[in-house]
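If you read the sequence from its start, that first residue is 1, and numbering goes on from there. In this text, all values refer to a predicted model and were calculated from it rather than measured experimentally.
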Amino acid sequence: MAGIETLFTNATLADGSLKDIGVAGGRIVSIEPAGAAPRASATVDIAGALLVPAFVEGHIHLDTSFYGDKWIPHKACTNGFDVHERVAFQAENMAQAAPMDERARKQLELCVANGSLQMRSHVMVDGSVGLKLLETILKIREEYRDIIEIQLVAFPQNGILKSPGTPELLDEAIALGADLVGGLDPASFDRDLQGHLDVVFGVAEKRGVGVDIHLHDFGSLGAFTVEEICVRTAALGMQGKVAISHAYGLGDLDPDSARRIGAKIAKAGVSIMTNAPGDHVFPPVALLRSEGVTIFSGSDNIRDSWWPYGDGDMLSRAMMIGYRSGFYTDDELTAAFDVVTTAGAKALGLEGYGIALGGKADFVTLAAEHLPEAVVAVPKPRRVFKAGRLVAENGMVAR
């Protein structure tokens, strides 16, 4: 076929068909039955492996991971999970960690090697650190722009109203290059739900950007905050541009209450991020999806002050979500895969995502017969292609 620069042959797609994928200009220009497409000057044999769209790392913290640095033992909260205390531990640990740019590069390459080529990272921006962490991560983003696309959230880790100067810094962060405005537990951390949301949505409306708010609050407080964010979203016509990360409170609700609030979330076009953490309740994935809510995922913290776990592998995260959600059937396992791929792309507003004509040639090969097997087996090694170019293989970023 004319115009094909690279032909990827013998690729097994999610529907079980064996196809040849033609790529030109970093886009998919043809999808033909294996052997039907004319040869191109460059050919890559997928050898029957499962070819899937690159994973979407929808929530990570590039500025706070200790991956690749010395081991820092986890410090438990003194009286149950407490966000304020965890933030204090984080400040202590980061003071003794390796330079942030070194740690961020190692974490980025870990994610790319596992097949994530689209990412949303939260970066601390508040009165305690100013814009210096964001400035560093912006440079790292530019350095890796040819192999991974990164959205950055200006994240007020130390609160907004409790951290002097933070409202102005969030605005400056967007002007500097951050893509979204973040927030943190408006009611329990700043103890002013409406005041906190006034700042977050005020900056977002002024700058024409999206919102992604951390919400750790449990029970009725967490559920009420979700509803208030949905009200704000609808009032400002920001459907599809707002995400709530964690939303633990949704996991505390009885099924009927969860369905009612799920319908509100779906109508407001708000997305929910969960990484199915081991020691907390988390949003009921299947129930919320059945109500039309976009549920996506991310690694969140990788070996940092919040927990020592994390491998930068979104397929592993899909397995974790499926495991903790009690997903057993093929349809349920396929839904877990969707959470770390197509649903993530929708939540992040990605253009040209997926293995389809006109889509970006960003894909990963897996040694699995189909998606359900991929979720439960988490197979490796993998080949990772960005715009049709090999960027990682056998767990290493190509140089």
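In this structure, SG in Cys111 is found 11.0 Å from CD1 in Ile147, a value given to the nearest 0.5 Å. For the atom pair CG of Asp171 and OG1 of Thr166, the computed distance is 12.5 Å after rounding to the nearest 0.5 Å. Atom CG in Leu62 sits 11.5 Å away from atom CZ in Arg105 (nearest 0.5 Å). Put simply, CG on Leu371 and CG on Asp330 are 9.5 Å apart, with the number rounded to the nearest 0.5 Å. Note that CZ of Arg141 is 11.5 Å distant from CG of Leu108, once rounded to the nearest 0.5 Å. Rounding to the nearest 0.5 Å places OH of Tyr323 at 13.5 Å from CG of Leu333.
Residues Thr9 and Asp20 bring no donor and acceptor atom of their side chains to less than 3.5 Å of each other. Counting only N and O atoms by type, the side chains of Thr136 and Asp101 include no donor and acceptor under 3.5 Å apart. There is no side-chain donor-acceptor pair under 3.5 Å between Gln118 and Gln151. Under 3.5 Å, the side chains of Ser245 and His59 contain a donor-acceptor pair of N or O atoms. Residues Gln239 and Thr233 have side chains that never bring a donor and an acceptor to within less than 3.5 angstrom of each other.
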Item to complete: Determine, stepwise, if the pair Thr365 / Leu50 fulfils side-chain contact (heavy atoms from CB on, under 4.5 Å).
Response: CA-CA 6 Å; Thr365 66; Leu50 186 63; over 6 Å; no
Worksheet item: Could you walk me through whether Glu149 and Lys386 pass the salt bridge (Lys or Arg N to Asp or Glu O under 4.0 Å) check?
Response: CA-CA 10 Å; Glu149 300 166 35; Lys386 175 67 176 172; 2.4 Å; yes
Discussion item. Between His61 and Phe155, is the ring-ring contact (aromatic ring centres under 6.0 Å, His included) condition met? List the steps.
Written reply: CA-CA 10 Å; His61 295 263; Phe155 173 46; 5.6 Å; yes
Practice prompt. Would you sort out whether Asn394 and Met396 count as a side-chain contact (heavy atoms from CB on, under 4.5 Å), showing the intermediate values?
Written response: CA-CA 6 Å; Asn394 297 323; Met396 298 292 294; 5.6 Å; no
Worksheet item: Should Ile4 and Val23 be marked as a side-chain contact (heavy atoms from CB on, under 4.5 Å) after you check the CA-CA gap, both sets of side-chain angles, and the distance that decides it?
Response: CA-CA 6 Å; Ile4 296 177; Val23 173; 6.0 Å; no
Item to complete: Would you check, one step at a time, whether the test salt bridge (Lys or Arg N to Asp or Glu O under 4.0 Å) holds for Asp362 with Arg389?
Response: CA-CA 8 Å; Asp362 299 346; Arg389 178 176 66 88; over 6 Å; no
Practice prompt. Might you work through the salt bridge (Lys or Arg N to Asp or Glu O under 4.0 Å) test for Glu32 and Lys19, ending with a clear yes or no?
Written response: CA-CA 5 Å; Glu32 300 288 342; Lys19 300 290 189 181; over 6 Å; no
Item to complete: Could you walk me through whether Leu110 and Tyr67 pass side-chain contact (heavy atoms from CB on, under 4.5 Å), step by step?
Response: CA-CA 9 Å; Leu110 174 71; Tyr67 176 77; 3.5 Å; yes
Discussion item. Lys132 vs Glu135, test: salt bridge (Lys or Arg N to Asp or Glu O under 4.0 Å). Steps then yes/no.
Written reply: CA-CA 5 Å; Lys132 62 182 181 180; Glu135 290 169 345; over 6 Å; no
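More than 12 heavy atoms of other residues, nucleotides or ligands shown are found within 6.0 angstrom of CD on Glu393. When the shell of 6.0 Å around NZ of Lys267 is examined, it contains 12 or fewer heavy atoms from other residues, nucleotides or ligands. Sparse packing is recorded around CD of Glu369, with 12 or fewer heavy atoms of other residues, nucleotides or ligands lying under 6.0 Å away. Within a 6.0 Å sphere centred on OH of Tyr144, heavy atoms belonging to other residues, nucleotides or ligands number more than 12. At most 12 heavy atoms of other shown residues, nucleotides or ligands fall within 6.0 angstrom of atom CZ in Arg191. Lys346 NZ: 12 or fewer foreign heavy atoms inside a 6.0 Å radius.
No side-chain heavy atom of Ser271 sits less than 4.5 Å from a side-chain heavy atom of Val242. Looking at Ile265 and Ile272, their side chains come closer than 4.5 Å, going by heavy atoms from C-beta outward. Contact check for Leu161 versus Val199: side-chain heavy atoms found under the 4.5 Å cut-off. Between Ile31 and Ile28, the closest side-chain pair of non-hydrogen atoms falls below 4.5 Å. Side chains of Phe337 and Thr342 form no contact here, defined as non-hydrogen atoms less than 4.5 Å apart. Proximity of Phe8 to Phe363: side-chain heavy atoms (C-beta onward) are separated by under 4.5 Å at one or more points. Counting only heavy atoms from C-beta outward, the side chains of Val153 and Asp212 approach each other to under 4.5 Å. The closest side-chain heavy-atom distance from Lys241 to Val211 is not below 4.5 Å.
In the hydrophobic clustering of this structure, Val340 groups with Leu315; members are Ile, Leu, Val, Met, Phe, Trp, Tyr whose side-chain heavy atoms approach within less than 4.5 Å, directly or through other members. Under a hydrophobic-cluster definition in which Ile, Leu, Val, Met, Phe, Trp and Tyr are linked whenever side-chain heavy atoms come within less than 4.5 Å, directly or via other members, Leu152 and Leu348 are assigned to different clusters. Residues Val52 and Phe385 fall into different hydrophobic clusters, defined by Ile, Leu, Val, Met, Phe, Trp and Tyr side chains chained together at heavy-atom separations under 4.5 Å. When hydrophobic clusters are built by joining Ile, Leu, Val, Met, Phe, Trp and Tyr residues whose side-chain heavy atoms come closer than 4.5 Å, directly or via intermediates, Val339 is not grouped with Val56. With hydrophobic clusters built from ILVMFWY side chains whose heavy atoms lie under 4.5 angstrom apart, Val226 shares a cluster with Val181.
Judged by distance alone, the side chain of Ser30 and the main-chain N or O of Gly22 form a donor-acceptor pair under 3.5 Å. Side-chain N or O atoms of Asp254 include one that pairs as donor or acceptor with a backbone N or O of Ser257 at under 3.5 Å. Under the 3.5 Å distance criterion, the side-chain polar atoms of Asp63 are matched with a main-chain donor or acceptor of Met124. Checking side-chain atoms of Thr225 against main-chain N and O of Leu221 turns up a donor-acceptor pair under 3.5 Å. Asp190 places a side-chain N or O within donor-acceptor distance of the main-chain N or O of Ile160, the cut-off being under 3.5 Å. Side chain of Arg317 to backbone of Asn275: a donor-acceptor contact under 3.5 angstrom is found. Ser325 places no side-chain N or O within donor-acceptor distance of the main-chain N or O of Phe327, the cut-off being under 3.5 Å. The backbone N or O of Leu193 lies less than 3.5 Å from no partner atom in the side chain of Glu228, so there is not a single donor-acceptor pair. Under a 3.5 Å cut-off, the side chain of Ser65 and the backbone N or O of Gln107 do not form any donor-acceptor pair. The main-chain N or O of Glu332 is found under 3.5 Å from a side-chain atom of Thr329 such that the two form a donor-acceptor pair.
Ring to ring, Phe282 and His246 are not that close: their centroids are 6.0 angstrom or more apart. For Phe189 and His216, the distance between ring centers is not under 6.0 angstrom.
Taking the six-membered ring where the residue is Trp, Tyr248 and His280 present tilted rings, their angle falling between 30° and 60°.
Residues Ser163 and Gly127 come closest through the heavy atom pair OG-N, 2.8 Å.
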